[in-house]
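Just below is one structure, and these are the notes that go with it.
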Amino acid sequence: MPEPDGERPLLEVRSISIHFGGIQALADVSFQVAPGEAVALVGPNGAGKTTVFNCISGVSRPDTGSVRLDGHPIDHLSAARRARLGIKRTFQRLEVFPELTVRDHFLVADRVSRGDGRLWRDLLNMGRPTTAELEAAVRVAGVVGLPDALDTPVAALTLGRCRLVELGRALAGRPRLLLADEPSSGLDVTETAELAAVLRAVQRDEGVTIVLVEHDLDMVAEVVDRAVVLDSGHVIAAGPLSQVIADPVVRRAYLGRTA
Amino acid sequence: MSHFLDYAIPGVPYGCDFALMAVGLVLTFRATGVFNLAFGAQAFTGAFIFDLLVTAHHVNQWVAFMVAVLVVSPLLGLAFDRFLFRVIPTASTTAKVVTALGLLIAIPQAIPIIFRNTTSLQTTGFWLDPGHVYLNLAGSPVNGGQLSTTVVTLAVAAALVAMLRFTAFGLEMRAVVESRRLAQLEGINSKRTAAWAWVLSSVLAGLAGVLMLPLSGGNLVPSQPLQFTTLLVFGLTAAAVASVRSIPIALVAGIGLGILQNLITGYLPNSSILSAQNVKEALPFAVLAGVLLFNRELRTIEVSSDPLAACDPPPPLPAVAIRDPRLSVPMTWGFRLVVVGFLVSAATWVPDYWVTALASGLVLSVIFLSITLITGMGGWLSLCQASFAGLGAFTAGELAAHLNLPVLLGALVGALAAATTGAVIALVAARLSGLLLALFTLAFALFADGLLFNLSWLGGGNTVVVPRPQIGPVDFSRGDRNFLGLAFVVLVVCAILVKLIQRGTTGMVLAALRGSPTAAASLGISMLRQRVIIFTLSAGMAGLGGALYGSLLVRVSSLSYLYVYSLAFVVVVITTGSRSVEGAVNAGMSYAVLLLILQTYFPHYTGLEPILFAFGAMTYAAHPEGIVEYQKTRWLNRVARALQALDARRARTAGPDPAGPQPATVGGDISGA
Ligand SMILES: Nc1ncnc2c1ncn2[C@@H]1O[C@H](COP(=O)(O)OP(=O)(O)O)[C@@H](O)[C@H]1O
Ligand SMILES: [Mg+2]
């Protein structure tokens, strides 16, 4: 599949660059993601994949370049505003809320995404979760495979299950664009396969656009059709996954580092 | 120009003193990650011991100096390191600040009582005679006190810089400052180096205290040891100018602040709001706030630049309760019984002076609930809650005096004024977090004490009368029993409010923000919005409580709402439990009752009450939910476990019993936490 054309891209990253001290973490990175598409962002460790996610979600600001959602620049928006536009993500370095249960993670994500949860509702004791909200939480827990853990504080969960909580939290927030940062690390082979199935289903059935950062190329192949390859902050290849993997430049970038 | 120098030169010795403090702060923060507010207490201890030895025991002043600065101060610092901060190396900066705050409050209160010396510190000189003019600099006379302070500071600073630059020990120290963990991997004993940093900076603090003596001209009183916190505030402002990073900049900034302070005295007119006195009082506020807001480098001090930071284990979590449904009924009824018992007793047999104390406990609980909101739920350490309380009280008092407004209405207006102020603070400090936000609120407290509460329309620093209310036929000025009822009603309303917020979406959103601001933002939660909401509510509640407190005492002045009370309040609430409504009420009642017991039975020990709590604050890092709350959970868990064991035994003897009650075990075990 070539670059999507005709259709307006949902996400457009336009030549962003960012540096930290002396490190040029991203140099002139551009790519597009069409609505409903699933794209992988691959590359060796330190290539800048997480930094790209940070620039899209508003955690970091690129030095130059622009990020567009639906064709509108979102560079001036805070991370929270971008999230409310439908950009939801998971984190490579786990970021859960240790004091909340799994259910609360899903509930809070759901409410915030709907702009519900105003103070006056709390003060009138209308802040309790409704049946519909509870059902939605149960549904999300079922999707990510945590139906038995709803009442568990996340502090009592294993790392792998915490990753699922993060994914569920992102999904509970009704994403239009889901940025998943190495969601399978900490999971075993079966869990990884299940996770791939979940992502595939979310993309196919619910029309969520996915950008996936993942080292496990088998899992990547399960989920995406197209890949963008980063190395040392540069895009070195982009296109259909099979074609990209066969690219000698990509092979060199990978093997040159891992061998 | 000579006019300028006339004012600038006498400022230098003060500046030197501030600089010593600033350098000490930078040194410990860099080596241990502790922003040690307790240096104010250490400075006081140094000065006190020195004075005690010289005046009471007629010890030679050089010997006294050695003992106070080179023995007692470093031992104190080492004790802090060994018994407190080393135990909590991975605690958050806020937890460390709270611990230091406990020390800052406890030590200066405890020392005069321990040594039974509460008169003024009489020593006015060290080394050179302060009464003698040794030289004239550009036409301005320099006396012995000024000269010795300046000479000693510059000599010590030069020695310190040389040591860090040129010795192997200095190199190790700088390595530890870069990355404690990396230095460890390199074979440097970072604990030893950290201990040395404590020794060095404690010597500096003690020195700053002793050198304060000749500058103050015999005006330092142990009963107000918090004069030394002014020294501390200037010191931490200078440290902030240096981004808590550079020792030379901290030195220069300290001296600069001393000069600036003196220049203001010289150049500003002596009338109007901008009188020299007012501005001088507000100077620490202005400079501290300015530095916090505009020194961008400072914002990264809590973001560890240490590449191995992620290797640390996560900080401890609040203990998780084992919930046994069978306990909830006796608990609920027990609670109701206590409340009814309390009300009936207060209305009937309790003696009058106890009623007053209980009423003040209820009113304090309202103020303390504002800390539950902001610190317990929001996770933001506010060091200006007493100022919000004062704002409420003075507004109510002035409105009653000038507009004849009923005092309860005035209290609501006061709460509104405080709430607005809280919102403004939240907005202005939008980009600050953690330690910096706490220091910014401290700056506001200083502003309120130095300037705001001296404005003529807010009491003008005099006594303000906040009358007792009168609702229809009920006159609350007749005895305190009526007033206790009123305070109870207000407290219940506030408590319900806090509970509703805690249980609702806002409570969840705040827990999310406390847990991970980054992840909370990724869901669409706006930190600023939540902060404005909570600051507004909390300040409003503190304002209401403050007005009520004023009405209870009837006569209040700005001294009743000094910033030191803000510090003490936070310490008290954090000790008992800042996460829950019960914690705040426990704090308010036990504080008031303790005060009464001390006043009635141990009058020599009044002033001691914050200490009992302050030592509790030192457990904050280990038990962020507060020790009372921690103990409660522990006991409840024990009972729950005993019940479970009983069930198990019964099940074994009686055979399988599928209908038996199944206690829900939630999360981990408290003893494992
Ligand atoms: N906040 C930061 N400060 C300094 N350097 C950073 C920061 N974030 C990322 N980097 C650097 O940018 C480069 C890319 O990092 P990252 O995006 O995490 O790579 P990846 O996710 O592909 O493994 C790395 O060299 C990393 O050290
Ligand atoms: Mg990464």
Side-chain angles (χ1 to χ4, degrees), chain A residues 21 53-54 57-59 78-91 93-101 103-105 107-129 151-157 166 169-170 172-175 179, chain B residues 305 309-310 314-321 323 373 376-377 379 430-431 493 496-530 532-534 536-537 579 624-625 664-669 672-673:
Chain A
F53 274 13
N54 285 346
S57 64
V59 173
S78 69
R81 289 283 300 281
R82 294 184 199 197
R84 272 176 268 149
L85 289 178
I87 302 179
K88 298 285 150 72
R89 68 174 288 186
T90 71
F91 295 88
R93 246 196 86 180
L94 211 58
E95 298 274 358
V96 288
F97 310 131
E99 292 168 49
L100 294 184
T101 61
R103 187 195 312 274
D104 289 346
H105 274 77
L107 279 177
V108 80
D110 178 22
R111 279 208 182 156
V112 172
S113 77
R114 282 183 290 119
D116 191 2
R118 305 202 173 271
L119 186 67
W120 63 264
R121 294 185 63 96
D122 292 343
L123 294 180
L124 294 177
N125 203 12
M126 288 160 64
R128 284 154 197 276
D151 286 313
T152 316
V154 289
L157 293 180
E166 275 204 4
R169 181 178 66 189
R174 297 145 208 272
L179 310 174
Chain B
S305 57
L317 288 169
V320 187
R323 280 183 222 127
L373 272 176
M377 293 169 61
R431 292 186 171 279
V493 170
I496 290 176
L497 226 68
V498 174
K499 278 243 155 165
L500 285 174
I501 293 170
Q502 211 164 24
R503 282 194 196 150
T505 318
T506 310
M508 268 198 299
V509 164
L510 291 174
L513 277 172
R514 284 199 305 271
S516 163
T518 317
S522 83
L523 297 180
I525 295 171
S526 154
M527 166 76 95
L528 180 60
R529 192 188 133 111
Q530 298 303 324
V532 170
I533 290 175
I534 293 302
T536 307
L537 284 173
R579 292 281 169 85
E625 74 274 39
T665 307
V666 180
D669 182 340

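Lettering follows sequence order; numbering is per chain, from 1.
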Highest number of heavy-atom pairs under 4.5 Å with chain B among A/Ala80, A/Gly173, A/Ser78 belongs to A/Ala80
So, the part of A/Arg169 with a heavy atom under 4.5 Å from chain B: the answer is both
Salt bridge flag under 4.0 Å for residues A/Arg103 and A/Asp151: yes
Applying a strict 4.5 Å limit to non-hydrogen atoms, the region of A/Leu157 in contact with chain B is neither
Given B/Met527, B/Arg514, B/Arg503, the one with more heavy-atom pairs under 4.5 angstrom with chain A than any other is B/Arg514
Comparing A/Lys88, A/Arg82, A/Arg81 against chain B, the one with the most heavy-atom pairs below 4.5 Å turns out to be A/Lys88
Per-residue tally against chain A (heavy atom, under 4.5 Å) across B/Ala512, B/Ala511, B/Gly515 peaks at B/Ala512
In terms of heavy-atom pairs under 4.5 Å with chain A, the winner among B/Gly504, B/Ser516, B/Ser526 is B/Ser516
Sorted by chain and number, sequence neighbours left out, side chain to side chain donor-acceptor pair (under 3.5 Å) with A/Arg114 holds for A/Asp110, A/Glu133
Output for pair (B/Leu537 CG, B/Leu497 CG), nearest 0.5 Å, gives 7.0 Å
Correct closest heavy-atom pair for A/Ala170 and A/Thr90 would be CB-CG2, 4.4 Å
Bottom line for A/Leu100: the part with an atom under 4.5 Å from chain B's heavy atoms is side chain
Practice task
Examine distances only and state if a side-chain atom of A/Glu166 and a backbone atom of A/Glu95 form a donor-acceptor pair shorter than 3.5 Å.
Solution key: yes
Ring pair (Phe, Tyr, Trp, His ring centres under 6.0 Å) filter on A/Phe97, not counting sequence neighbours, yields A/His105
